[in-house]
Amino acid sequence: METSPRLCPTPERSSQMKTDAQWGTAVTLGKFDGLHRGHQKLLGEILRLQSEGYYGIVFAIAPENQTVLFTPEEKRHMLETYGIDCMIRCPFVPEILSMEPESFIADVLCAQLHAKQIVVGTDFRFGYQRKGDVDFLRAMQEKYEYTLCVMEKERFNGREISSTYIREALAGADMELVRNLMGDFYTVEGTILHGHQLGRKIGMPTINLRPEPYKLLPPPGVYYSDVIFPGKEASREGKTQKEDDTRHTENIKAADDSQHAGNIREKDDFRRANNIRPEDMGLQPDQMPVDGENMCILHGITNIGYKPTVDGSFLGIETYLYGTNEDLYGQNVKVLLRSFRRPEQKFTSVEELKAQMERDIQSGKEYFGAG
C-alpha cells in the first residue's frame, strides 16, 4: 500500500536566522480541497521555508456554495496541526475574478502579502479568465523579486492525485482508496448533539453529529471509524488494533513548545509592521494558534444516513463508541471513517434494528481485533 511521509507538526527554526527587516512570506496558493498528498508536498515546502524564517501562508481559494471535502474549520484545524503560520480564505469576489494576472501578483502577492517565496503545483492558474500560469509566474520573478517553486503532481495507481479523484472514491465508499489519496482517513468534525436517545434506550448509546450543509459525505451506510475528542487518557477495547492507530495522536497533537510559540509571535510582529492586510481584498485571515490540548481516541461504528427506521428528517452521523459511557454532549469531536461495512437499511421494527446494531458492533470488534 502506498503511503505518504508525515509532515512535521512543529518545524524547527534554522540557527541561521534572518533579521526582521529581511523577512518575507512564503505563500502557496490553490483550492486545497481535500489537503491530499499533492497538497502536502506544497505544505512540506512551506514548512521548510518557515524553518528558514519566512512567514508561511496558505492562500486557499474558496468557491461559494459548493460541496467541499473539508469545511473551512476542518481545513484550519489541519493546517494548524501541520504547523502552518496562517491560512487566508479567498472567496471568488469580483475584485479577484476581474484581476489581470500581473495585477494579482503586484497588488495581492507582493504589495499585501509581501511574498518572497511562492510555491504552486504545475497546473496552477490564476487571474482574469485563468490567464496566469506557472510560466507567467516564472517570467515575473525578477521584476517582483520573489522566487518560484513549482512542485510536480503526486500519483497513485498511475493517475494524478486530485480532489476529483478523491470525490470519485468517496462516492463509491472506497475509504481505503480515499485514505491512500489523502494520506489519512476521511474526517468529519462537529459538536455532539442530543438525538432521540433511541440508542441509549436499547442499551447501545451513541453520539450524534450534524455535518455542515456543504460537507461532502460518502454514501449512507455503516462505517468502521475512530473518534477523536478532548479529555483524559482513556482505556479502550481492542488494544491489539492495527499498527497505524498510534499515528492519529501525532496527527492531532498541536505544537506547544515555547520556542515555536515565540517564533509565531515574532512573525506576527513582522506582519503587523509591514501592514499585511488581506482583508482589504475581501479575504479572511485565520491565524493559527498554538494548542497543546490533550486528546483521546476511541474506536467506533458510525452510521451515516437519514435514520429511515426512526424519522428520516435530516442527514446525520451517529457513532457507537467502544470502551466508554462518558457524557460527551457539547464536545467538539472528529470522526475518522476507516472502512465501509454495509449500506443503510430500513428495518420493520426497533427490535430488528437492535439486532442489526448488535451484529455491527460485533463486526467492529473483529475489525479492530478485540473480539
Side-chain angles (χ1 to χ4, degrees), residues 74 173 175-176 178-179 184-211 217-253 293-305 307 309-310 316-345 347 350-371:
E74 289 172 340
M175 306 313 295
E176 288 78 9
V178 170
R179 181 189 174 198
D184 209 338
F185 299 112
Y186 193 67
T187 62
V188 182
E189 290 187 25
T191 301
I192 297 176
L193 307 172
H194 286 277
H196 291 284
Q197 303 286 322
L198 176 61
R200 189 168 297 277
K201 290 175 183 176
I202 62 177
M204 300 175 188
T206 59
I207 59 172
N208 292 270
L209 305 181
R210 189 166 188 170
L217 297 175
V222 175
Y223 296 79
Y224 303 115
S225 62
D226 285 334
V227 178
I228 301 173
F229 60 95
K232 300 176 181 178
E233 289 297 327
S235 61
R236 60 181 179 182
E237 297 182 29
K239 291 187 178 179
T240 58
Q241 65 271 19
K242 298 179 179 180
E243 293 178 0
D244 57 17
D245 286 351
T246 55
R247 74 187 179 83
H248 295 320
T249 55
E250 299 172 3
N251 232 14
I252 52 85
K253 182 175 171 58
E293 185 176 32
N294 187 32
M295 295 289 190
C296 294
I297 308 170
L298 291 174
H299 294 318
I301 287 283
T302 295
N303 182 79
I304 298 176
K307 300 183 181 180
T309 305
V310 184
I317 297 176
E318 183 176 18
T319 302
Y320 172 87
L321 293 175
Y322 295 97
T324 185
N325 286 312
E326 281 189 66
D327 182 357
L328 301 175
Y329 290 119
Q331 292 199 37
N332 188 267
V333 300
K334 181 185 293 186
V335 179
L336 292 77
L337 300 173
R338 299 176 60 116
S339 184
F340 178 71
R341 166 162 165 72
R342 63 170 178 85
E344 187 176 44
Q345 298 172 247
F347 301 98
V350 172
E351 290 73 22
E352 188 178 350
L353 169 63
K354 179 180 179 181
Q356 181 58 58
M357 287 179 65
E358 289 174 342
R359 290 191 291 270
D360 291 336
I361 290 170
Q362 180 57 37
S363 174
K365 289 182 178 180
E366 294 169 0
Y367 175 84
F368 292 112

Test side chain to side chain donor-acceptor pair (under 3.5 Å) applied to [X] - qualifying residues, sequence neighbours left out:
X      : answer
Ser339 : Glu176
Glu352 : Thr348
Thr302 : Ser225, Thr319
Arg359 : Gln356

Open item on the list: For Glu189, is there any backbone N or O sitting under 3.5 Å from a side-chain donor or acceptor partner on Glu74?
Closed with: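 Flag set: sc Glu74 to bb Glu189 pair under 3.5 Å.
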Task: By side-chain contact (heavy atoms from CB on, under 4.5 Å) - contacts of Ser363 (at least two apart) - done: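 Partners of Ser363 by the side-chain contact (heavy atoms from CB on, under 4.5 Å) criterion, ordered by chain and then number, come out as Tyr224, Arg341.
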Task: With sequence neighbours excluded, residues passing side-chain contact (heavy atoms from CB on, under 4.5 Å) with Pro219 - done: Ala173, Tyr223
Task: Side-chain heavy-atom pair Leu209, Val333 within 4.5 angstrom cut-off - done: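 The answer is yes; the side chains approach within 4.5 Å.
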TODO: For the residue pair Leu337 and Thr187, establish whether any side-chain heavy-atom pair is separated by less than 4.5 Å.
DONE: no
Open item on the list: Using every non-hydrogen atom in the two residues, find where Asp360 and Ile301 come nearest and quote the distance to one decimal.
Closed with: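 The answer is O-CD1, 3.6 Å.
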TODO: Let me see the working for Met175 and Tyr186 under side-chain contact (heavy atoms from CB on, under 4.5 Å), right down to the final yes or no.
DONE: CA-CA 7 Å; Met175 306 313 295; Tyr186 193 67; 3.7 Å; yes
- [ ] Test ring pair (Phe, Tyr, Trp, His ring centres under 6.0 Å) on His299 and Tyr322 and set out the steps.
- [x] CA-CA 6 Å; His299 294 318; Tyr322 295 97; 7.3 Å; no
Open item on the list: Under a 4.0 Å threshold between the charged nitrogen and the carboxylate oxygen, would Lys334 count as salt-bridged to Asp226?
Closed with: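 Looking at Asp226 and Lys334, the cut-off is not met.
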